[in-house]
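Notes for the one structure printed next.
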2 protein chains.
Amino acid sequence: MEIKQKRMTKQKKLIMDTLASTTCHPTADWIYQSVRKNIADISLGTVYRNLQVLKEEGKIQELNYGKNQSRYDGNPQLHYHFVCESCGCVLDFNLDNKAMLSLILPAAPGSVHTHRLEVYGICQDCLKKHF
Amino acid sequence: MEIKQKRMTKQKKLIMDTLASTTCHPTADWIYQSVRKNIADISLGTVYRNLQVLKEEGKIQELNYGKNQSRYDGNPQLHYHFVCESCGCVLDFNLDNKAMLSLILPAAPGSVHTHRLEVYGICQDCLKKHF
DNA sequence: GTAATTGCAAATAATTTGCTGGGTG
DNA sequence: CACCCAGCAAATTATTTGCAATTAC
């Protein structure tokens with residue numbers, strides 16, 4: 001389950017760069033298709049292995065809100081996600097963290113380590129186009 | 001993808017009752033093992049089909065926060081979940097919904113339909129036992 | 001009676017893993 | 001040049017689905 005990794009391979013570097021350069025929150029397969037343009041014979045297993053490693057290193061986040069497929073987020077900072085129910089895109093947003101914690105801490109049935117919030121609705125683009 | 005159902009079968013009723021009578025947030029397989037005690041030849045496929053139907057009817061919620069396996073919650077009301085990182089249990093909790101929405105609405109990049117929050121930490125039981 | 005729903009088993013889909021050769025440090 | 005990590009393909013896991021038989025209404 002836990003993977004240790006010490007070397008920087010070109011595959012790992014490319015996966016990191018790919019995640020860092022996109023604002024979408026891609027699936028493993030999207031990343032695979034993307035990095036394949038540069039390293040044609042990279043394997044999907046390698047993509048999964050490196051995503052796992054990067055997650056353990058705290059460099060990326062794995063998102064799996066209510067989907068059968070995980071998405072990956074190149075931004076490891078605590079932030080929140082807005083999922084568009086029309087186009088399926090996942091957008092980042094921030095909100096007042098202190099206020100959020102002051103809501104959560106008194107209510108939580110235990111000591112709090114971290115938290116995740118996702119909001120579902122219709123994004124600005126879809127609102128303009130379809131509604 | 002979408003399933004319509006009109007009849008109340010003993011299988012469906014038992015699955016509803018099982019979910020209503022537990023405070024844990026069981027997996028499909030846990031539910032299957034549980035209902036099998038009463039209907040020995042029920043199939044896992046039927047459990048999945050009925051969970052899907054109950055979800056569409058708004059009678060239960062599916063939870064799949066960061067896990068490879070979905071859990072089901074017999075309480076369809078908006079509420080929040082606390083996941084214990086020690087024992088893995090999932091506890092319900094509530095918090096001031098108006099305050100939560102007043103945090104989210106100004107920050108969200110679109111029109112908000114619903115939201116989900118899970119908090120990770122150590123539950124009271126584990127705090128007493130292990131920490 | 002008849003159409004919805006079940007049980008069964010095979011199909012899917014995403015992800016993980018064992019093995020061996022290749023490339024990094 | 002040692003051993004970590006990639007590629008490949010097969011394995012695993014959760015879930016879904018097609019079909020004939022059963023059952024609720």
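Below, each value reflects all heavy atoms present in this structure, side chains not excepted, and no hydrogens, waters or symmetry copies. A, B, ... follow the sequence lines: proteins, then strands. Residue 1 opens every chain. Predicted model only: the values in this text are computed from it and were never measured.
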Numerically ordered, the residues 18-47 of chain A set in heavy-atom contact under 4.0 Å with DNA chain D is A:D41, A:I42, A:S43, A:T46
Whole-Å distance, B:Q69 CD to D:dT16 P, equals 12 Å
In whole angstroms, the gap separating P of D:dT15 from NZ of B:K55 amounts to 10 Å
Whole-Å distance, B:E62 CD to D:dT16 C1', equals 13 Å
- Item | A:H81 and A:D92, any side-chain heavy atoms less than 4.5 Å apart | yes
Tabulated below should be each protein N or O lying under 3.5 Å from an N or O of nucleotides 18-21 of chain D; please produce it.
| from | atom 1 | to | atom 2 | distance (Å) |
| --- | --- | --- | --- | --- |
| D:dG18 | O6 | B:R49 | NH1 | 3.4 |

B:Y48 atom OH is separated from C:dA11 atom P, nearest whole Å, by 19 Å
For a quick test of reading the model: is some side-chain N or O of A:S70 closer than 4.0 Å to OP1 or OP2 of C:dT15? yes
Counting primed atoms, P, OP1 and OP2 as sugar-phosphate and everything else as base, the B/S/- map of nucleotides 20-25 of chain C against protein heavy atoms under 4.0 Å is ---BBS
note: B:I15, atom CD1; C:dT6, atom C1'; distance rounded to Å ~ 11 Å
Side chains of residues 30-39 of chain B: which donor-acceptor pairs under 3.5 Å do they make with residues two or more places apart or in other chains?
none

Those residues at least two apart in sequence (or on a different chain) that pass side chain to side chain donor-acceptor pair (under 3.5 Å) with A:S102 are none
Exercise. Any idea how A:H25 and A:H79 line up, ring-wise: parallel (<30°), tilted (30 to 60°), or perpendicular (>60°)?
Worked result: tilted
When rounded to whole Å, the CG to C1' distance for the pair B:N50 and D:dT23 reads 14 Å
Of A:Q11 and B:R71, the one whose closest nucleotide on DNA chain D sits nearer the 5' end is A:Q11
From CG of B:N68 across to P of C:dA13 the rounded distance in Å is 19 Å
Sorted by chain and residue number, the salt bridge (charged side-chain N to carboxylate O under 4.0 Å, His left out) partners of B:E62 (sequence neighbours excluded) come out as B:K55
Hits for salt bridge (charged side-chain N to carboxylate O under 4.0 Å, His left out) against A:R116, two or more places apart or cross-chain, chain-then-number order -> B:E118
Rounded to whole Å, CG of A:N64 lies from P of C:dT15 at a distance of 9 Å
For B:H113, the ring-ring contact (aromatic ring centres under 6.0 Å, His included) test, sequence neighbours excluded, returns none
Salt bridge (charged side-chain N to carboxylate O under 4.0 Å, His left out) filter on A:K129, not counting sequence neighbours, yields none
By salt bridge (charged side-chain N to carboxylate O under 4.0 Å, His left out), A:K59 pairs with (sequence neighbours left out) A:E57
The complete set of salt bridge (charged side-chain N to carboxylate O under 4.0 Å, His left out) pairs with one or both residues in residues 13-35 of chain B, sequence neighbours excluded, reads B:K13-B:D17
Please report, to 0.1 Å, the donor-acceptor pairs under 3.5 Å made by any side chain of residues 93-101 of chain A, with sequence neighbours excluded.
| from | atom 1 | to | atom 2 | distance (Å) |
| --- | --- | --- | --- | --- |
| A:D96 | OD1 | A:K98 | N | 3.1 |
| A:D96 | OD1 | A:A99 | N | 3.1 |
| A:N97 | ND2 | A:Y80 | OH | 2.9 |

